[in-house]
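Heads up, the thing below is written out as structure tokens.
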Amino acid sequence: MEEPERAGDQLLVRTLALGVCGTDREILDGRYGWAPPGRDWLVLGHESVGRVTEAPSGSGFAPGDLVVGVVRRPDPEPCMCCMQGDFDMCRNGGYRERGIKELDGYGAQLVPLEPEFAVKVDPALGLLGVLTEPTSVVAKAWEQIDRIRYQGCRPAATALITGAGPIGLLAALLGAQRGLDVHVVDRMREGTRPELARMLGASYHSGPIADVCRSAEPDVVLECTGRPEVVVEALRCLAPAAVACLLGISPRGRALNVDVGALNNELVLENHVVFGSVNGNHRHFAAAADALAAADPLCLGRMITRSVPLVDWTQALERRDTDIKTVIEFADEAQELRNREM
């Protein structure tokens with residue numbers, strides 16, 4: 001790639017690190033993703049953190065600022081949601097996404113970025129700012145949950161999180177920051193995931209979801225695995241008038257023997273609310289940055305289980321049982337920041 005030229009109203013950002021997730025692997029497998037119009041290739045990367053090197057006057061940014069880039073962009077022919085800034089809820093599908101859909105991602109050493117799609121990160125976070133994008137996903141989910149629960153007759157007290165991957169652990173963080181009694185369920189019986197869940201302020205369980213719900217009936221469920229059997233099991237253990245948010249993407253073609261009538265009756269008769277959520281807009285990224293700034297940096301640092309230099313970037317795409325969040329380091333400063341955080 002040639003060194004980019006920024007437009008007069010753009011920032012120029014030097015990428016420090018890039019997070020890797022399942023979406024990146026799906027794009028490389030040819031199962032997802034769209035190249036920019038007129039091209040058959042795409043620059044990857046949507047979980048970014050970088051340092052501003054150039055900024056236009058009056059932009060609200062200055063060289064040296066630590067920033068992350070918002071992923072989604074509104075439709076050029078905006079729907080009502082896009083027009084009011086809720087482009088994460090685009091209704092006509094014409095949105096674009098950096099590193100995913102029709103726009104190059106942040107996986108380059110220098111990236112032009114529009115100020116309105118940049119979010120400042122607390123300098124103290126350093127490399128941990130790379131967690132902002134996945135945190136924005138759960139920040140949006142919790143925003144929706146808060147809105148729905150506001151209409152309820154009693155406040156939420158207990159939250160169940162299924163899955164202790166990055167999304168599940170970050171969902172637990174934001175639940176604990178809200179003062180809820182948070183319970184995380186995952187298959188791992190020991191190791192980093194159970195330890196991190198407890199450090200984030202949650203109780204950790206490796207047994208059946210039904211056993212957890214018998215002792216802690218949840219007012220809120222965030223399903224973060226996408227495993228069909230886990231989705232169904234989680235929906236069966238809600239407290240009356242509970243809210244369930246589905247954040248995991250499920251594999252297609254997986255059939256389960258489920259009594260849909262019984263499940264439907266329970267959802268209806270118990271006044272449950274079930275909804276799906278994905279992506280985030282600027283305010284969700286800003287909320288994510290605030291949540292991370294308020295978190296224990298030692299705990300956040302342990303979520304990044306593997307850092308890979310840019311020259312070895314393909315290794316970051318390998319799945320390992322011990323992985324939680326893998327990042328690719330783009331600059332020498334990234335290693336310096338990481339060493340400072342350890």
Side-chain angles (χ1 to χ4, degrees), residues 1-19 36-37 43-90 94-137 139-140 143 279-295 330-334 336-337:
M1 298 284 294
E2 294 183 0
E3 185 169 318
E5 294 184 6
R6 72 172 180 92
D9 59 348
Q10 290 180 317
L11 310 175
L12 189 63
V13 178
R14 177 165 49 87
T15 302
L16 298 179
L18 198 70
V43 176
L44 286 175
H46 59 279
E47 299 183 9
S48 71
V49 64
R51 185 83 66 188
V52 175
T53 62
E54 298 178 23
S57 176
S59 66
F61 294 87
D65 285 344
L66 199 64
V67 297
V68 298
V70 176
V71 177
R72 184 169 287 193
R73 301 291 185 271
D75 191 324
E77 298 181 7
C79 67
M80 185 61 70
C81 292
C82 290
M83 283 192 290
Q84 63 185 30
D86 292 324
F87 43 83
D88 56 304
M89 307 290 278
C90 181
Y95 61 85
R96 298 154 299 154
E97 293 175 325
R98 296 287 298 255
I100 301 173
K101 185 175 187 283
E102 299 179 354
L103 291 175
D104 283 334
Y106 299 117
Q109 290 157 314
L110 288 172
V111 177
L113 179 61
E114 305 89 336
E116 63 268 30
F117 295 111
V119 175
K120 286 184 184 179
V121 174
D122 187 332
L125 277 174
L127 199 67
L128 300 176
V130 78
L131 297 172
T132 304
E133 192 279 337
T135 308
S136 74
V137 174
K140 174 184 174 179
E143 177 191 83
N279 208 277
N281 62 42
H282 189 284
R283 73 174 179 275
H284 303 129
F285 275 76
D290 290 342
L292 293 174
F330 272 67
D332 292 340
E333 184 188 353
E336 295 170 8
L337 290 171

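All of these numbers come straight from a predicted model, not from anything done at the bench.
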Considering all heavy atoms, the nearest Val121-Thr132 contact
CG2-OG1, 4.1 Å

Phe61 meets the ring pair (Phe, Tyr, Trp, His ring centres under 6.0 Å) criterion, sequence neighbours left out, with none

Working to the nearest 0.5 angstrom, can you tell me the gap between Met89 CE and Arg72 CZ?
10.0 Å

Got a donor-acceptor contact below 3.5 angstrom from the Asp88 side chain to the Asn279 backbone?
no

Output for pair (Met1 CE, Gln109 CD), nearest 0.5 Å, gives 10.5 Å

Determine the minimum heavy-atom distance between Lys101 and Tyr95, stating which atoms define it.
NZ-O, 2.7 Å

Please give me the minimum heavy-atom distance between Leu292 and Leu125, naming the atom from each residue.
O-CD2, 3.6 Å

Quick check for you: to the nearest 0.5 Å, what is the distance between Glu97 atom CD and His46 atom NE2?
8.5 Å

Thr53 (side chain) donor-acceptor with Arg14 (main chain) under 3.5 angstrom:
no

Evaluate whether atom CE of Met83 has more than 12 neighbouring non-hydrogen atoms of other residues, nucleotides or ligands under 6.0 angstrom away.
yes

Whether over 12 other heavy atoms sit under 6.0 Å from Glu114 CD
yes

Rounded distance (nearest 0.5 Å) linking atom OG1 of Thr135 with atom CZ of Phe285:
9.5 Å

Return the set of residues passing salt bridge (Lys or Arg N to Asp or Glu O under 4.0 Å) with Asp9 (not counting sequence neighbours), or none when no residue passes.
none

Residues passing the ring pair (Phe, Tyr, Trp, His ring centres under 6.0 Å) test with Phe330, sequence neighbours excluded, are none

Do the side chains of Asp290 and Arg283 get close enough for a salt bridge, i.e. N-O under 4.0 angstrom?
no

Output the distance between atom CG (Leu11) and atom CG (Asp65), rounded to the nearest 0.5 Å.
8.5 Å

Spell out, as yes or no, whether a donor-acceptor pair under 3.5 Å connects the side chain of His282 to the backbone of Ala118.
yes

Is it the case that the side chain of Ser136 and the backbone of His284 share a donor-acceptor pair, with hydrogens and angles ignored and the cut-off at 3.5 Å?
no

What is the minimum heavy-atom distance between Pro74 and Arg96, and which atoms define it?
O-NH2, 3.4 Å

If you round to the nearest 0.5 Å, how far is SG of Cys79 from CG of Asp86?
9.0 Å

Of all heavy-atom pairs between Val130 and Val49, which one has the smallest distance, and what is that distance?
N-CB, 3.8 Å

